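Residues: numbered from 1 along the sequence shown. Because the structure is a prediction, the values reported are computed rather than measured. Remember, it's 1-based here, ligands and their atoms both numbered in the order they're listed.
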Amino acid sequence: MIIEPRCIVAPSILSADFSRLGEDVASIAPTGAQWVHLDVMDGQFVPNMSFGPKTISDIRECSPLVFDTHLMISSPERFVTQFAEAGSDIITVHLEATTHLHRVLQAIHDEGKQAGVSVVPSTPICMLEPILSDVELVLIMSVDPGFGGQRFIPSSLEKIKALVAMREQHDLSFRISVDGGVNERTYSDILSAGTDVLVVGSAFFGAEDKSKFTAMLQGLEY
Ligand code: DX5
Ligand code: ZN
């Protein structure tokens with residue numbers, strides 16, 4: 001009997017060691033995690049900076065996994081082509097970072113990539129209603145974006161449940177991803193709320209045994 005993982009695990013390389021980034025990216029696939037989460041920060045939309053398309057392009061050859069790019073940048077429409085050409089498979093933009101959201105999502109699809117939309121913890125889920133039929137992924141931020149290792153904001157659970165209900169109501173099939181404060185204490189409630197994808201940064205890279213940790217999140221024997 002083949003047992004399927006109950007969720008997709010997407011380790012965030014924000015918590016990797018950037019002095020050996022290629023090796024850390026290469027180490028993700030053997031753990032059984034399915035995606036690589038790439039946190040791009042511009043120092044304007046969020047109070048931190050990380051990396052850009054050049055880094056993604058350089059590490060693309062280090063992993064066969066899905067590259068899940070999370071753009072925490074203002075006016076992301078300026079960079080859709082660069083992040084697509086760098087090797088992203090999914091490009092997620094923030095609802096709060098652009099005015100013409102349909103146009104950005106269309107640009108991502110025009111590049112042949114999957115499109116995602118994300119909201120910060122203080123943005124109500126109902127704001128997403130007009131664009132839900134235009135995305136393959138909704139990324140619920142469960143911390144204020146900008147840094148790894150922050151504490152999960154519990155009200156995120158209600159947002160996940162509301163989004164599951166909206167997906168059902170509109171007969172849609174986008175995936176629901178949760179990002180921020182996912183760890184061995186919080187993951188169970190997050191999955192019970194209806195999450196499909198767990199983004200996990202500090203808890204993954206800080207785990208003693210990354211394969212065991214990944215299997216635990218996926219509900220698989222180890
Ligand atoms: C935060 C980023 C997250 C972050 C998660 O702004 O979007 O992806 O790396 O880190 P943890 O899992 O440590 O909260
Ligand atoms: Zn992220």
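At a 4.0 Å cut-off, at least one heavy atom of G149 sits close enough to ligand 1 to count as contact.
Within ligand 1, counting atoms from 1 as listed, the ones closer than 4.0 Å to a heavy atom of M72 are 6 (O), 7 (O). Annotation for ligand 1: atoms under 4.0 Å from non-hydrogen atoms of G180 are 14 (O). Remark: ligand 1 atoms within the under-4.0 Å shell around heavy atoms of M41 are 6 (O). Near P145, the atoms of ligand 1 lying under 4.0 angstrom from a non-hydrogen atom of the residue are 6 (O). Close contacts of ligand 1 with L14, meaning ligand atoms under 4.0 Å from a residue heavy atom, involve 9 (O). Atom numbering of ligand 1 starts at 1 in the shown order; those under 4.0 Å from a heavy atom of H70 are 7 (O). Taking a cut-off of under 4.0 Å to the non-hydrogen atoms of V199, the atoms of ligand 1 that pass are 8 (O). Using a 4.0 Å cut-off to heavy atoms of H37, the atoms of ligand 1 that qualify are 8 (O).
Of the protein's non-hydrogen atoms, F147 O, 3.6 Å is the one closest to atom 1 (C) of ligand 1. Counting protein heavy atoms only, atom 9 (O) of ligand 1 is closest to S12 OG, 2.9 Å. When only non-hydrogen protein atoms are considered, atom 6 (O) of ligand 1 lies nearest to G146 N, 2.7 Å. Counting protein heavy atoms only, atom 10 (O) of ligand 1 is closest to G148 CA, 3.5 Å. At the shortest separation from atom 14 (O) of ligand 1 among protein heavy atoms lies G181 N, 2.8 Å. When hydrogens are left out, the protein atom nearest atom 5 (C) of ligand 1 is D179 OD1, 3.5 Å; that is the closest non-hydrogen contact.
Follow the hydrophobic side-chain contacts under 4.5 Å out from I13 and you reach V182 in the same cluster.
Salt bridge annotation for D110-R103: absent, with no cationic side-chain nitrogen under 4.0 angstrom from a carboxylate oxygen. We find that R151 and D144 are not joined by a salt bridge, their nearest charged nitrogen and carboxylate oxygen being 4.0 Å or further apart.
Judged by distance alone, the side chains of D24 and S27 never bring a donor and an acceptor atom under 3.5 Å apart. Defined by atom type and a distance below 3.5 Å, a donor-acceptor pair is present between the side-chain atoms of H109 and E136. In this structure, a donor-acceptor pair under 3.5 Å is present between the side chains of Q218 and Q34. Side-chain N/O atoms of E129 and H170 include a donor and acceptor closer than 3.5 Å.
Heavy atoms of F204 found under 4.0 angstrom from ligand 1: none, in either backbone or side chain.
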* **Step-by-step side-chain hydrogen bond (donor to acceptor under 3.5 Å, both in side chains) determination, T31 to S211** => CA-CA 4 Å; T31 67; S211 301; 5.3 Å; no
* Could you walk me through whether D39 and S12 pass the side-chain hydrogen bond (donor to acceptor under 3.5 Å, both in side chains) test, one step at a time? => CA-CA 7 Å; D39 285 309; S12 164; 2.6 Å; yes
* Could you check T186 against N183 for side-chain hydrogen bond (donor to acceptor under 3.5 Å, both in side chains), going step by step and ending with a plain yes or no? => CA-CA 5 Å; T186 57; N183 56 41; 3.3 Å; yes
* After noting the C-alpha distance and the side-chain angles of V199 and S177, does the key distance pass the side chain to side chain contact (heavy atoms under 4.5 Å, CB included) rule? -> CA-CA 7 Å; V199 175; S177 179; 3.5 Å; yes
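For ligand 1, none of its N or O atoms has an N or O atom of M141 under 3.5 Å away.
Between the side chain of T123 and the backbone N or O of V119, no donor-acceptor pair lies under 3.5 Å. The main-chain N or O of P124 is never found under 3.5 Å from a side-chain atom of K159 such that the two would form a donor-acceptor pair.
For the Zn ion (ligand 2), the nearest N, O or S atom contributed by D39 is named OD1.
Geometry note: the Zn ion (ligand 2) is the vertex, H70 ND1 and D179 OD2 are the arms, and the angle is 90° (rounded to 10 degrees).
Around atom 13 (O) of ligand 1, the closest heavy atom drawn from S177, A16, G201, S202 belongs to S202. Atom 8 (O) of ligand 1 has its nearest heavy-atom neighbour, among D39, L139, D144, L198, in D39.
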